[in-house]
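Some notes on the structure that comes next.
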Amino acid sequence: MVSQSPIGKSSRSNPVTYVKAYDDIRKLFSDQQLSKIKGFEPKHFSFNVEGGRCETCKGEGYLTVEMQFLADVTLLCEECGGQRFKKEVLEVTFKDKSIYDVLDMTIEESLTFLKIKKNILARLQPLSDVGLGYIKLGQSSSTLSGGEAQRVKLASFLTKEFLSKNIFFIFDEPTTGLHFHDINKLMDAFNALVENGHTVLIVEHNMEVIRAADWVIDLDLAVEKMVEIWYLEGRPEELKNISSSYTGQYI
Ligand SMILES: [Zn+2]
């Protein structure tokens with residue numbers, strides 16, 4: 001069940017950690033010559049543990065001030081200027097970019113920047129495939145909409161470790177709140193899941209989605225009596241010819 005609920009409870013979770021690309025990015029930075037000289041390990045490039053992160057903001061880049069009678073106020077961390085890491089750690093660069101610069105890139109920008117790093121690319125590419133090329137690698141999950149969070153989850157299933165598994169996916173009205181253009185992206189992602197050998201069941205009213213299905217189960221409820229449920233099923237083009245099917249009429 002891939003819902004539109006947030007991808008993580010804390011403000012620290014973000015797209016790049018969710019698709020498990022961050023481990024390899026941290027390793028990439030720890031492999032740079034300056035890291036070797038200074039003894040930086042992958043953990044120094046984490047904002048979740050002590051070591052390399054800015055301790056004033058605990059790697060968040062900003063501070064939250066609780067106001068007694070008002071909503072919490074967030075202030076940019078003065079120590080790191082919102083860059084989340086200690087100065088020495090930010091001095092380590094890969095192709096002239098620091099760990100913060102990479103987290104601040106959009107998925108699309110990172111695909112070009114990390115082109116030669118095939119292992120990282122393989123994890124980031126699905127995020128672009130589901131139409132999330134515009135979000136930033138280190139963007140806090142709390143800033144993602146329900147539809148975006150759902151597609152981040154979906155992207156994680158398009159990585160190669162799920163290729164050998166056959167999963168039955170259930171989506172409840174996944175097009176809710178999505179722009180027409182995003183619905184097409186979502187459909188591409190569904191098709192990619194099916195091509196990878198998975199099965200996708202979608203509860204949906206959107207006609208574009210219904211029309212693209214391999215098989216439709218058309219449910220109708222006798223609303224007044226609330227007792228009778230009937231259904232018709234078939235390929236969309238078959239339902240089209242059944243006059244008693246409301247869905248068929250719209251197909
Ligand atoms: Zn800070």
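These numbers come from a predicted model, not from an experiment. One-based numbering, in listed order, for ligands and for the atoms of each.
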Margin query: Once you measure the plane-to-plane angle for Phe40 and His44, does it fall in the parallel (<30°), tilted (30-60°) or perpendicular (>60°) bin?
Written below: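 Tilted, since the angle between the ring planes falls between 30° and 60°.
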Notebook entry, point to check: ring-ring contact (aromatic ring centres under 6.0 Å, His included) with His198: which of Phe171, Phe169, Phe157, Phe190?
Noted result: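 Of all the options given, the one that passes is Phe169.
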Notebook entry, point to check: Do the side chain of Gln4 and the main chain of Ala149 share a donor and acceptor less than 3.5 angstrom apart?
Noted result: no
Notebook entry, point to check: Which protein N, O or S atoms lie under 2.8 Å from the Zn ion (ligand 1), given by chain and residue number?
Noted result: Cys54 SG, Cys57 SG, Cys77 SG, Cys80 SG
Note to self: Is it the case that atom CG in Asp214 sees more than 12 heavy atoms from other parts of the structure closer than 6.0 Å?
What the structure shows: no
Notebook entry, point to check: Can you list the residues that meet the side chain to side chain donor-acceptor pair (under 3.5 Å) rule with Asp23, with sequence neighbours excluded?
Noted result: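 Here the qualifying residues are Arg26.
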Check: Tell me, do Leu132 and Leu144 make a side-chain contact under 4.5 Å, heavy atoms counted?
Finding: no
